[in-house]
Amino acid sequence: MSGHVLLIRLAAPLQSWGVVSWFSRRDTHSRPTKSGVIGLCAAALGHERADDLGEFHAVRFGVRADHPGTPVRDYHVVGSGRYPVRPRDVITDHRRAAALSPSMAEAGGTAFGHHELADWYGAPKYVTTDPSSGALVSRQLSRGALVTERWYVSDAAFVAALQHQDRAFLATVATALESPERLLWLGRKSCPPSGTLAGPLLAGTVEEAFASVALLPSQGVGAPPSPRPWAWIEAVDPDGTATPVQDQPVTFDPDRRAHTTRWETRTRVTIDENATEWDVIP
């Protein structure tokens, strides 16, 4: 199956392509996922999450790791400690006001900014509607620190490939990536892309496109890139060398988000001697 291939440059100080993430641990794949890249393109086009993915269902995907980067763990702590109570803290939760009233009644002058409550600082948990006031309050009064760990890939640069029969569709995606309707990020909102995203639009297959385009320029960080980078390419007819990946998006609708299985092969790419160089803003 041939067609046309759009290459996309995915480079940034940090990337994070989640696979199985919970609040306390946000993981990342070692490379961009098909779900993440399709979501990036759909956002660039201005799609809503509940919109049908349309032509994206027919896209064949591949990713080449020109600069694989380094895994980074962010130890993340939210809340804990003490802080002076503000007017809004009393207004929004009558239980906090009741706990503060004795010390504030005895205070002279300005009361706010000088009173603290232990174990009240932090993200609220188990938020529910208070039966007395109707306000949203936390059922758990004590707010200890929330500890999470978040994983990223640092100083990486990948080339993603979208293969499709319709060249006009890929050209529209390329234009949108450079003039997006929505903010774009590489996996998570804290990971904005650097420089140019849209690469060349070529005739052929993912395999041919990866071989005919040079490695992305090095940013001078990390080990020198391999002259034969690894690539993961979606299998048209899966055989014994293909492995399953659960990142084929069905819908991004928050109420019924779903992915299905696709198959991919891992292979080394030999870059052609006369490969096309990148013309991008790093």
Side-chain angles (χ1 to χ4, degrees), residues 1-12 14-22 25-44 47 49 52-71 150-153 156-165 169-170 173 177 184-188 191 193 197 199 204-211 226 228-254 256-269:
M1 181 184 71
S2 187
H4 303 275
V5 180
L6 171 64
L7 297 183
I8 303 173
R9 173 183 174 272
L10 302 173
L14 292 175
Q15 305 184 32
S16 188
W17 306 95
V19 181
V20 180
S21 294
W22 303 93
R25 188 179 191 276
R26 307 281 181 156
D27 67 359
T28 181
H29 209 308
S30 61
R31 60 189 183 275
T33 61
K34 184 175 185 180
S35 176
V37 175
I38 295 299
L40 175 82
C41 296
H47 289 190
R49 286 184 179 271
D52 184 83
L53 290 175
E55 294 295 329
F56 285 114
H57 288 299
V59 163
R60 183 180 178 224
F61 178 73
V63 60
R64 192 181 77 184
D66 289 11
H67 305 274
T70 305
R150 306 177 185 210
W151 286 89
Y152 302 87
V153 180
F158 301 95
V159 178
L162 304 183
Q163 180 180 331
H164 197 278
Q165 294 295 319
F169 166 69
L170 294 178
V173 173
L177 287 171
L184 305 181
W185 47 80
L186 304 189
R188 281 216 288 271
C191 305
L197 283 167
T205 64
V206 173
E207 292 87 346
E208 293 166 346
F210 279 166
S226 168
R228 297 184 66 236
W230 283 108
W232 293 261
I233 301 174
E234 190 165 349
V236 178
D237 298 307
D239 55 20
T241 63
T243 56
V245 188
Q246 189 76 13
D247 72 345
Q248 173 70 47
V250 177
T251 176
F252 293 126
D253 187 336
R256 53 189 184 92
R257 184 179 301 155
H259 293 77
T260 189
T261 303
R262 65 183 181 90
W263 294 78
E264 68 178 13
T265 56
R266 179 174 181 256
T267 184
R268 288 280 191 183
V269 175

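- For the residue pair Arg60 / Gln163, a side-chain donor-acceptor distance below 3.5 Å is found, with atom types taken as modelled.
- In this structure, Leu184 and Leu197 have side chains that are in contact, with non-hydrogen atoms separated by less than 4.5 Å.
- Counting only heavy atoms from C-beta outward, the side chains of Thr70 and Val153 never approach each other to under 4.5 Å.
- Using a 4.5 Å heavy-atom cutoff, the side chains of His29 and Trp232 are not in contact.
- For the pair Arg64 and Trp230, the NZ or CZ position fails the cation-pi test of under 6.0 Å to the six-membered ring centre and within 45 degrees of the ring normal.
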- Check the pair Val37 / Leu10 against side-chain contact (heavy atoms from CB on, under 4.5 Å), numbers first and verdict last. CA-CA 9 Å; Val37 175; Leu10 302 173; 3.9 Å; yes
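- Residue Phe61 comes nearest to Ala160 through the heavy atom pair CE1-CB, 4.1 Å, listed as atom of the first residue, atom of the second, then distance.
- Looking at heavy atoms from C-beta onward, Leu177 lies in side-chain contact with Val173 at the 4.5 angstrom threshold.
- Scored by the side-chain contact (heavy atoms from CB on, under 4.5 Å) test, Asp239 finds Thr241, Ala242 as partners (sequence neighbours excluded).
- One finds the CG atom of Leu162 at 10.5 Å from the CD atom of Glu234 (value rounded to the nearest 0.5 Å).
- Ion pairing of Arg31 with Glu264 is present here, as a side-chain N (NZ or NE/NH1/NH2) and a carboxylate O approach within less than 4.0 Å.
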- Test log, rule side-chain contact (heavy atoms from CB on, under 4.5 Å), inputs Leu40 and Trp185: CA-CA 7 Å; Leu40 175 82; Trp185 47 80; over 6 Å; no
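- Residue Phe252 comes nearest to His259 through the heavy atom pair CE2-NE2, 4.2 Å, listed as atom of the first residue, atom of the second, then distance.
- For Arg49, the CZ atom counts as loosely surrounded, since its 6.0 Å shell holds 12 or fewer non-hydrogen atoms of other residues, nucleotides or ligands.
- Residues Asp247 and Trp17 have side chains not in contact (no heavy-atom distance under 4.5 Å, counting atoms from C-beta outward).
- The closest side-chain donor-acceptor pair between Glu55 and His164 falls under 3.5 angstrom.
- Put simply, the side chain of Asp66 never gets that close to the backbone of Ala157: no donor and acceptor are under 3.5 Å apart.
- Between Leu6 and Gly199, the closest heavy-atom pair is CD1-O, 3.8 Å.
- The structure places CH2 of Trp263 at 7.5 Å from OG1 of Thr243, a figure rounded to the nearest 0.5 Å.
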- Message: Could you walk me through whether Val59 and Cys41 satisfy the side-chain contact (heavy atoms from CB on, under 4.5 Å) test, starting with their C-alpha distance in whole Å, then the side-chain angles of each, then the deciding distance to 0.1 Å, before giving a yes or no?
- Response: CA-CA 12 Å; Val59 163; Cys41 296; over 6 Å; no
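- For the pair Arg150 and Ser16, the minimum side-chain heavy-atom distance is 4.5 Å or more.
- Counting heavy atoms from C-beta on, the side chains of Phe56 and Pro249 never come closer than 4.5 Å.
- The nearest pair of heavy atoms linking Asp27 to Val19 is OD1-N, 3.0 Å.
- No donor-acceptor pair closer than 3.5 Å links the side chain of Thr28 to the backbone N or O of Gly18.
- Counting all heavy atoms, side chain and backbone alike, Ser30 lies closest to Phe158 at O-CZ, 3.4 Å.
- Rounding to the nearest 0.5 Å places CD1 of Ile233 at 5.5 Å from CZ of Phe210.
- The heavy-atom pair separating Val5 from Gly204 by the smallest distance is CG2-O, 3.5 Å.
- For the pair Arg26 and Tyr152, the cation-pi test (distance below 6.0 Å, angle within 45°) is failed.
- With 3.5 Å as the limit, one finds a donor-acceptor pair spanning the side chains of Gln246 and Thr261.
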- Task: I would like to know whether Gln248 and Lys34 meet side-chain contact (heavy atoms from CB on, under 4.5 Å); could you show each step before the answer?
- Result: CA-CA 6 Å; Gln248 173 70 47; Lys34 184 175 185 180; 2.6 Å; yes
